[in-house]
Amino acid sequence: MATLISKETIAPQFTRYVLECEPIARKHRAGQFVMVLIHDHGERIPLTIADSDAEAGTITLVVQAVGKTTMEMELLEPGAEIQVAGPLGTPTHVERVGTCVCIGGGAGIAPLYPIAKAMKNAENHIISILGGRTKELVIMREEMEAVSDEMIYTTDDGSFGRKGLVTHALNDLIEERGKPDMVIAIGPAIMMKFVAEMTRPHEIPTIVSLNSIMIDGTGMCGGCRVGLGTETKFVCVDGPEFDGHKVDFDLLMKRQRTFVEQEEEARRRFEEQHRCRAMEGAEVS
Amino acid sequence: MAEKLKPAERLKIPRHPMPAQDPVERRSNFSEVALGYTPEMAMEEAQRCLECKKPHCIDGCPVGIDIPAFIVEVREGRFDKALEIIKQTNTLPAICGRVCPQEDQCEQVCVVGNKYKPVAIGRLERFVADIELTGGTVSMPAAAEKTGYKVAIIGSGPAGLACAAELARMGHDVTIFEALHKPGGVLVYGIPEFRLPKSIVQYEIDNLKKMGVEIRCNYVIGKIATVRELMEEWGYDAVFIGTGAGLPYFMGIPGENYIGVLSANEFLTRVNLMKGYNFPEYDTPVQVGRRVAVVGSGNVAMDCLRTAMRLGSEHVICLYRRTRAESPARLEELEHAEEEGIDFRWLTSPVEVLGNDDGMVTGVRVIKMELGEPDASGRRRPVPIEGSEYEIEVDEVIMAIGQGPNPLVTQTTEGLELNRWGNIVADEETMATSIPGVFAGGDIVTGAATVILAMGAGKKAACGIDGFLRKKREAVPGASAAAV
Ligand SMILES: Cc1cc2nc3c(=O)[nH]c(=O)nc-3n(C[C@H](O)[C@H](O)[C@H](O)COP(=O)(O)OP(=O)(O)OC[C@H]3O[C@@H](n4cnc5c(N)ncnc54)[C@H](O)[C@@H]3O)c2cc1C
Ligand SMILES: Cc1cc2nc3c(=O)[nH]c(=O)nc-3n(C[C@H](O)[C@H](O)[C@H](O)COP(=O)(O)OP(=O)(O)OC[C@H]3O[C@@H](n4cnc5c(N)ncnc54)[C@H](O)[C@@H]3O)c2cc1C
Ligand code: SF4
Ligand code: SF4
Ligand code: FES
């Protein structure tokens, strides 16, 4: 059980939640996530612990509302009790490597932040490349700036930073300054795939964090499995971080689409019900 | 009261069949299939027991229920008394009466079975237990005086539940830590509603809570705290590990990661734990193939086959590399599955899962087998018949070929002795592990086994733990933990 302490909209579709759950806050290490269930009829969904405060006994989640569960989560009010299990997954292997390029795209910036922070604390030189469709969707800029030595921003529409994709920025960086010691990329699967393709010929160690569909998050169902070279791994226990050069991204992307129809239906139903309720409310007032 | 019949007369009574839902009807609902005996049927079935002087049936029961004693009470209509006798050794009779593989245990060795069909011990046990559930008198076991010792139980499957009940009765403070959001282990996430109604499991869990047992869900031990931390920082005097065999095995054949290939655990968890059959009423979706193949033929496979059927699959196929005779499923489940129209392909094993460009399953290529020499398990080894491969069109494949131990706890517990399969090594009498104060039982020790064996192990471990705690107290002369 965890209690919602506060929530705050930080960008269109993005909400930051602070939850009180002391044992998880105390144990959390960078790279770990929790499984969240917001009510009895709900779905268990994995969310990265974006930050934690052991003293206050709180964890922070930064969530993009993309479907039924994450939209419904936005309706929670402070004081709400939800079920949270964690901290799950294998923590990031943090060590001093030298220069580390941290690449985040969209909702991937949330899981990237605790890792960048840990790598910074391990005395690495952090160059962060953050990208989004448009300026407002490049989230957590202040937090990321605080743990980065250099910042590069990209937007698809050129409304902020340079126009283009994070991979363009990475390409230029490698060309101008030579290869970094490590790249960590978290974002949509397609972004991570292209980052890995770019670093492969340079043999730059590249870590990616995978977001496969999960149910239990404890290694019990195998639904989260992913192809890694010739092996099959469970993202929830063996990951979520893996060697980007070994991940079968095409398979990951296909498997992520397993339930598109049901997800679409659930979201549509939720939005309809919700719109009805909003309209009823409007009539009363 | 029923008159006492002579043995010859008793043997003339045929074994009472279990009343069951009509096969056609039940194929599309999740209500319980076996409906249970009426009091009349139970009392008559009880007449069939010969009250043997040396009752073999007791030896066949892993927890040694005094079977003839409880059956006599049933015959006489004293159902409460019968329940009391059963409860002396079995804390979860409503569950065991439903899911025990009786034909391999108590009923296998019943002497009546030598010539006729054995006494329906399991059905009688279920009948008696159900009386309590439907409002009979419940005698809560009187708890002993509090000892002040704290015991942590990891996992809330039958092993953990039985261990908790026993320890609470002995007066210890018990906390169960469960990784999932609902307690019950396989009884809740694995075995479907139509075989074991969840209200029964809930009833037993509520009883435990009434006895003062605290259940903390969403606690993944190994992650939120290690076993050592439970003892050194969280203040537990002893720990019981009952984490089960939850790690799903896959076959390692090509195409196994296509969309539509899933483990039995994933399929059953989505349906049972998350109530996926009620989507979109419940949020968790579940894939339902038009044509489904399930690989394996144990209880887990039967549950998948029959669940797929109930979710509306048109054609459900069982692929098993041996024959019906070697199928490890409970006989009743196998028969029910046959009645429900499952297409059994014995001596058939998949060699490859086929898929399309979108990564979706389109079929499975199988090979026919024949039985060769007996293997280590004593069963004749299936050998592929060369050139016998053929393809079956399916859009979903469920792997029900077994489970191993989940390493979350074992890998984070330094000094814990494991065998080569990753199961915990525990003393057969006390269930003590290689770490003082740490005990283990159930599937995590034996590998995937049965509910009754897990329960029995949980109870044994409770005695082992009690002994350990008493020694601990003796080591500090004159001091009881409560006084500290
Ligand atoms: C380890 C991990 C960490 C994550 N951390 C974050 C985070 O910090 N912030 C954030 O916004 N999102 C995060 N996600 C993604 C988040 O879990 C999904 O956005 C969420 O489950 C969507 O649920 P929904 O019902 O709102 O949307 P749906 O409409 O159900 O799904 C939208 C998309 O989300 C994915 N998804 C759906 N169900 C699941 C599931 N049970 N498990 C995983 N993915 C699913 C699918 O690819 C789907 O296409 C993380 C995912 C993983 C695996
Ligand atoms: C589908 C299916 C059908 C079956 N049918 C039958 C049948 O008809 N008859 C029969 O006798 N047997 C049957 N079995 C086998 C039987 O259910 C098991 O042998 C029995 O449940 C084992 O009990 P257990 O307590 O050892 O483990 P489980 O029941 O597996 O319970 C273990 C519990 O520990 C929890 N856990 C695991 N890791 C952690 C952790 N790190 N921290 C906290 N909690 C954790 C799990 O979530 C789970 O709740 C079936 C099994 C399955 C899967
Ligand atoms: S617990 Fe199982 S084995 Fe023992 S008597 Fe009951 S049904 Fe038979
Ligand atoms: S072996 Fe059969 S007949 Fe004999 S006591 Fe047991 S149940 Fe009754
Ligand atoms: S989510 Fe079930 S094994 Fe990873």
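Everything numeric here is computed off the predicted structure, so don't read it as measured data.
Heavy atoms closer than 4.5 Å to chain A are found in both the backbone and the side chain of B:Val261. Heavy atoms of A:Ile213 lying under 4.5 Å from chain B belong exclusively to its side chain. Contacts between A:Asp248 and chain B at a heavy-atom distance below 4.5 Å are absent for every atom of the residue. Residue B:Ala264 does not touch chain A at all, counting heavy-atom pairs closer than 4.5 Å. Both the backbone and the side chain of A:Ile24 come within contact range of chain B, judged by heavy atoms closer than 4.5 Å. If you measure heavy-atom distances from A:Lys27 to chain B, the contacts under 4.5 Å come from the side chain alone. Looking at A:Val84, only its backbone comes within 4.5 Å of chain B, counting heavy atoms on both sides.
Across B:Leu408, B:Leu247, B:Thr269, a single residue satisfies side chain to side chain contact (heavy atoms under 4.5 Å, CB included) together with A:Met220, and that is B:Thr269.
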Evaluation steps, side chain to side chain donor-acceptor pair (under 3.5 Å), between B:Asn257 and A:Arg255: CA-CA 8 Å; B:Asn257 289 338; A:Arg255 288 186 61 88; 5.1 Å; no

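Put simply, of A:Met253, A:Glu265, A:Arg269, A:Arg44, the one with the most heavy-atom pairs under 4.5 Å next to chain B is A:Arg44.
Using a 4.0 Å cut-off between a side-chain N of Lys or Arg and a carboxylate O of Asp or Glu, B:Glu229 and A:Arg26 do not qualify as a salt bridge.
Ring-plane geometry between B:Tyr282 and A:His41 is classed as parallel, the angle between the planes falling under 30 degrees on a 0 to 90 degree scale with a further cut at 60.
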